[in-house]
Amino acid sequence: MITKENILAIAKKTILSESEAITKLIDFLDENFYEAVQRIYESKGRLIVTGIGKSAIIAQKMVATFNSTGTPSMFLHAAEAIHGDLGMIQNDDIIICISKSGNSPEIKVLVPLLKRFGNTLIAITGNITSFLAKGSDFVLNTTVDTEACPINLAPTNSTTAQLVMGDALAVCLMEMRDFKPEDFAVYHPGGALGKKLLLRVKDMIEHSLKPMVTPDTSIKKAIFEISEKRLGVTAVIEDNKIVGIITDGDIRRMLNDRDTIADLTAKDIMSKNPKVVSSETMAVDALNILEDFSITQLIVADNGEYKGVLHLHDILKEGIV
């Protein structure tokens, strides 16, 4: 009978087995790895990554990682390659071929065809004496002692080792290209990640209203301005300069403290020196300011010119948190 303890023990054993397989890769890093990275970095073409079976799935993940980190890549299924897809390979392309055994029938057919084109061929294999290894310019060793699979058949440790070797290549190339967050953003414009890296305050206030009053504006009119613009706040402007801010909170506190407001003006209740950001401020940085000061609105101004109000709800609607 399988118990909870048995299941957890099996899971821990699997994770430990794969982690040990990954650790051993460190000892396999040699001149081949260095030269492979150099060739890819200096290449004027693309990186073609191919494989079959589970290795093909790993190849697709590698391609996704390379593409998103500045190395133009394409996936080529080893079986499809020998039925016409070799046509995608161009003269300057570098090819990575992934195979645990390096001796599968498809690989044995594919390798001579790849070499015929004269492209640099990099093998990622668990068998450094295999047909693939012997036919490649550089060999990245991903040998594992056993699979985590209890019958030592299902690719587990071996595919994990392949994946990690691909990540090592990608990270080295990122470092060599001095790949920065803004570069990453170019390849990830969608979703929360892209918005964190790309979205600026100006993108969120472009069509928003600009509540404003003067210091001498009556409180009644100030309340009307806040209500009409529906941002819970109004800027107080004098001589085209921002001199203060009135929020819903300021209005509530005033009403609690006074029986009459007929003689009050905006300057009597406004908060001076409001928090101001420029329209070029990153949205995520504006969010940090809102959180740090426990406020929900920021005045937006460029070189002292009032541009509008950024509300916490504007950021939340963009889904970057």
Side-chain angles (χ1 to χ4, degrees), residues 25-26 28-143 158-159 161-179 187:
L25 291 180
I26 295 173
F28 298 151
L29 297 176
D30 57 13
E31 190 74 11
N32 277 264
F33 184 89
Y34 167 75
E35 291 293 344
V37 171
Q38 284 293 127
R39 289 289 183 95
I40 297 170
Y41 176 69
E42 295 169 359
S43 172
K44 296 179 181 179
R46 303 158 304 172
L47 183 60
I48 309 296
V49 189
T50 186
I52 194 164
K54 302 298 187 297
S55 294
I57 297 172
I58 298 300
Q60 292 179 71
K61 191 277 176 185
M62 283 189 193
V63 166
T65 299
F66 285 128
N67 278 326
S68 68
T69 54
T71 300
S73 305
M74 292 184 66
F75 169 67
L76 173 64
H77 195 282
E80 298 298 329
I82 58 180
H83 291 286
D85 282 2
L86 279 175
M88 73 166 61
I89 300 176
Q90 300 175 1
N91 291 336
D92 292 327
D93 293 342
I94 291 179
I95 304 164
I96 292 178
C97 186
I98 309 172
S99 173
K100 177 187 176 182
S101 71
N103 288 318
S104 63
E106 295 84 0
I107 296 300
K108 286 187 174 181
V109 173
L110 181 60
V111 169
L113 296 176
L114 295 175
K115 295 303 295 178
R116 184 187 303 172
F117 291 105
N119 299 79
T120 297
L121 178 59
I122 301 168
I124 295 181
T125 181
N127 184 355
I128 59 175
T129 62
S130 64
F131 186 87
L132 171 61
K134 291 178 180 178
S136 298
D137 297 290
F138 305 106
V139 180
L140 309 186
N141 188 355
T142 54
T143 299
S158 57
T159 48
Q162 293 168 354
L163 187 63
V164 170
M165 188 64 76
D167 286 343
L169 287 171
V171 172
C172 286
L173 291 165
M174 286 180 69
E175 292 276 1
M176 294 173 75
R177 291 193 171 96
D178 193 24
F179 201 80
Y187 301 107

Novice: Taking all heavy atoms of Cys172 and all of Phe33, pick out the closest pair and write down the distance.
Specialist: SG-CE2, 3.8 Å
Novice: Taking atom types as modelled and ignoring hydrogens, do the side chains of Arg177 and Thr71 form a donor-acceptor contact shorter than 3.5 angstrom?
Specialist: yes
Novice: Let me see the working for Met74 and Asp93 under side chain to side chain contact (heavy atoms under 4.5 Å, CB included), right down to the final yes or no.
Specialist: CA-CA 10 Å; Met74 292 184 66; Asp93 293 342; over 6 Å; no
Novice: List for me each residue that meets side-chain hydrogen bond (donor to acceptor under 3.5 Å, both in side chains) alongside Lys61, sequence neighbours excluded, and say none if there are none.
Specialist: Thr65, Asp167
Novice: Would you sort out whether Gln162 and Ser55 count as a side chain to side chain contact (heavy atoms under 4.5 Å, CB included), showing the intermediate values?
Specialist: CA-CA 8 Å; Gln162 293 168 354; Ser55 294; 3.3 Å; yes
Novice: Closer than 3.5 angstrom, by distance alone: can the side chain of Asn119 be matched with the main-chain N or O of Gln90 as a donor-acceptor pair?
Specialist: yes
Novice: Is the backbone of Cys97 close enough, under 3.5 Å, to the side chain of Thr50 for a donor and an acceptor to pair up by distance?
Specialist: no
Novice: Report yes or no: does Ser43 contribute a side-chain atom to a donor-acceptor pair with the main-chain N or O of Asp92 at less than 3.5 Å?
Specialist: yes
Novice: Applying salt bridge (charged side-chain N to carboxylate O under 4.0 Å, His left out), can you list everything that pairs with Asp30, at least two apart in sequence or on another chain?
Specialist: none
Novice: List the atom of Ser104, the atom of Ile52, and the distance in Å for their closest heavy-atom pair.
Specialist: OG-CG2, 4.2 Å
Novice: I would like to know whether Leu114 and Leu86 meet side chain to side chain contact (heavy atoms under 4.5 Å, CB included); could you show each step before the answer?
Specialist: CA-CA 8 Å; Leu114 295 175; Leu86 279 175; 3.7 Å; yes
Novice: For atom CD of Glu42, decide whether the heavy atoms of other residues, nucleotides or ligands shown that lie under 6.0 angstrom number more than 12.
Specialist: yes
Novice: Between Thr143 and Asn141, do the side chains contain an N or O donor and an N or O acceptor separated by less than 3.5 Å?
Specialist: yes
Novice: Passes side chain to side chain contact (heavy atoms under 4.5 Å, CB included), Asp137 versus Ile122? Steps please.
Specialist: CA-CA 6 Å; Asp137 297 290; Ile122 301 168; over 6 Å; no
Novice: Ignoring hydrogens and angles, tell me if any N or O in the side chain of Ser130 forms a donor-acceptor pair with the backbone of Ala133 under 3.5 Å.
Specialist: yes
Novice: Give a yes or no answer on whether the side chain of Asn67 reaches the backbone of Ser73 with a donor-acceptor pair at less than 3.5 Å.
Specialist: yes
Novice: Looking only at heavy atoms, what is the nearest atom pair of Ala59 and Val49, with distance?
Specialist: CB-CG1, 3.6 Å
